[in-house]
Amino acid sequence: MGISDRKEREKQEMKRLIIDAAMRMFVEEGYEKTSIRNIAEKIEYSPGTLYLYYKDKDELLYEVQREAFGRLYEHFLEKAPSKSPWKRLEQIMHAYVNFGLAHPDLYDLMFIIRSPMKTAEEKGDWLNGEACFNYLVQCIQECIGRKLIRYTDGRTAALSLWSMGHGLVSLNVRCRLKVMHISEEDVYKGIETAISEYLKLIKN
């Protein structure tokens with residue numbers, strides 16, 4: 001292995017160390033404590049070392065967000081594998097909601113907190129969520145092709161379905177479903193039922 005190869009490997013190992021620490025800190029201690037300084041303390045490096053890899057907290061959180069979307073995509077592959085496009089669409093929707101309910105802090109980072117998107121704006125695009133969105137769109141296009149759903153435009157259908165799932169999860173993540181005055185278990189059941197009933201409405 002040459003010097004340049006070794007340096008690149010060491011760089012990637014350091015970035016992995018930083019991202020893993022930031023991910024744990026974000027989930028366990030919250031957004032406010034996920035600072036460059038606190039992450040540096042966690043991995044026993046100086047803040048200056050982290051700034052060699054990330055220019056600011058927003059850029060680092062963008063990378064952590066990318067990791068979170070990778071987890072969601074793997075979750076889709078595991079929980080929504082059906083060869084039937086309609087069945088797979090049902091699986092995707094329930095997998096999305098269940099992921100959000102099980103990982104509220106990651107969901108916050110992925111879809112609600114503004115900071116990571118500042119880096120996306122600087123880059124001119126947002127690739128972090130692309131694989132997950134495309135997985136949904138591809139499934140919907142198959143459903144449309146077989147006339148299984150009422151929609152005729154795949155991206156319009158994807159926006160509608162995504163908004164439905166996101167609305168339910170984000171209301172729960174931000175504790176707004178407390179207005180219903182029901183138990184947490186009933187909230188989860190209600191969300192699952194809402195998804196199922198919505199899918200019935202769009203099915204041909």
Write down the atom of Tyr151, the atom of Ala157, and the distance for their closest heavy-atom approach. CG-CB, 3.4 Å
Before giving the answer on salt bridge (Lys or Arg N to Asp or Glu O under 4.0 Å), spell out for Lys189 and Glu185 the whole-Å C-alpha distance, their side-chain angles and the decisive distance to 0.1 Å. CA-CA 6 Å; Lys189 288 180 181 177; Glu185 181 180 354; 3.3 Å; yes
Out of curiosity, Thr34 OG1 to Leu61 CG, how far, rounded to the nearest 0.5 Å? 6.5 Å
Contact check, side chains of Leu161 and Ile92, non-hydrogen atoms, under 4.5 Å: no
OH (Tyr51) and NZ (Lys57) are apart, to the nearest 0.5 Å, by 10.0 Å
Does any part of the side chain of Leu168, heavy atoms only, come nearer than 4.5 Å to the side chain of Glu192, both counted from C-beta? no
Is it true that Arg9 and Glu13 have a side-chain N and a carboxylate O under 4.0 angstrom from each other? yes
The test is salt bridge (Lys or Arg N to Asp or Glu O under 4.0 Å); show your working for Arg114 and Glu121 and say whether it passes. CA-CA 11 Å; Arg114 184 81 181 89; Glu121 290 170 359; 2.4 Å; yes
Atom pair CG (Leu60) and CZ (Phe26), whose distance is rounded to the nearest 0.5 Å: 11.0 Å
Closest non-hydrogen atom pair, Pro104 against Val173: O-CG1, 3.9 Å
Please find the pair of heavy atoms, one from Phe99 and one from Ala68, that lie closest to each other, and give the distance. CZ-O, 4.1 Å
Are the side chain of Arg150 and the backbone of Leu201 linked by a donor-acceptor contact shorter than 3.5 Å? yes
Set out, in order, the CA-CA distance, both residues' side-chain angles and the distance that settles salt bridge (Lys or Arg N to Asp or Glu O under 4.0 Å) for Lys42 and Glu29, then state yes or no. CA-CA 12 Å; Lys42 182 77 74 175; Glu29 302 181 31; 3.0 Å; yes
Given the rule in the side-chain contact (heavy atoms from CB on, under 4.5 Å) test, do Ser170 and Phe111 qualify, once you have shown the distances and angles that lead to the verdict? CA-CA 8 Å; Ser170 59; Phe111 294 108; over 6 Å; no
Evaluate Val187 against Lys178 for side-chain contact (heavy atoms from CB on, under 4.5 Å), listing each step before the verdict. CA-CA 9 Å; Val187 165; Lys178 289 184 181 295; over 6 Å; no
Whether the Tyr188 and Glu184 side chains hold a donor-acceptor pair (N or O, under 3.5 Å, no angle test) is what I'd like checked. yes
Show the nearest heavy-atom pair for residues Ala95 and Lys79, with the distance to one decimal. CB-CB, 3.9 Å
Working for side-chain contact (heavy atoms from CB on, under 4.5 Å), residues Leu148 and Leu89: CA-CA 11 Å; Leu148 298 174; Leu89 183 59; over 6 Å; no
Pairwise distance CD1(Ile202) to SG(Cys143) - rounded to 0.5 angstrom: 8.0 Å
Is the distance from the ring center of Tyr45 to that of Tyr53 below 6.0 Å? no
Interatomic distance, CG@Leu72 vs OH@Tyr107, rounded to 0.5 Å, equals 9.0 Å
For Glu10, look at atom CD and say whether over 12 heavy atoms of other residues, nucleotides or ligands are found less than 6.0 Å away. yes
Heavy atoms only: give me the nearest Gly154-Gln141 pair and the separation to one decimal. CA-NE2, 3.8 Å
Is there a path from Val179 to Leu101 through hydrophobic residues (I, L, V, M, F, W, Y) whose side chains come within less than 4.5 Å of each other? yes
With sequence neighbours left out, write down each residue that passes side chain to side chain donor-acceptor pair (under 3.5 Å) with Asn38, or none if nothing qualifies. Ser35
Is there side-chain contact between Glu90 and Ile195, with at least one heavy-atom pair below 4.5 Å? no
Considering non-hydrogen atoms only, spot the tightest contact between Glu142 and Pro85 and give its length. CB-CB, 3.7 Å
Please evaluate residues Glu41 and Arg37 with respect to the criterion salt bridge (Lys or Arg N to Asp or Glu O under 4.0 Å), reporting the C-alpha separation (whole Å), side-chain torsions for both, the decisive distance (0.1 Å), and the verdict. CA-CA 6 Å; Glu41 291 175 358; Arg37 178 173 296 279; 5.1 Å; no
Check whether any side-chain heavy atom of Ile43 sits under 4.5 Å from a side-chain heavy atom of Met14, and report yes or no. yes
At what distance, to the nearest 0.5 angstrom, does CD1 of Ile36 lie from OH of Tyr54? 9.0 Å
Ser46 and Thr49: side chain donor to acceptor below 3.5 Å: yes
Can you get from Leu159 to Phe69 by hopping between Ile, Leu, Val, Met, Phe, Trp and Tyr side chains that sit under 4.5 Å apart? no
Give me each pair satisfying side chain to side chain donor-acceptor pair (under 3.5 Å) with a member in residues 61-76, each pair once, sequence neighbours excluded. Arg16-Glu67, Glu63-Arg66, Gln65-Trp126, Gln65-Asn128
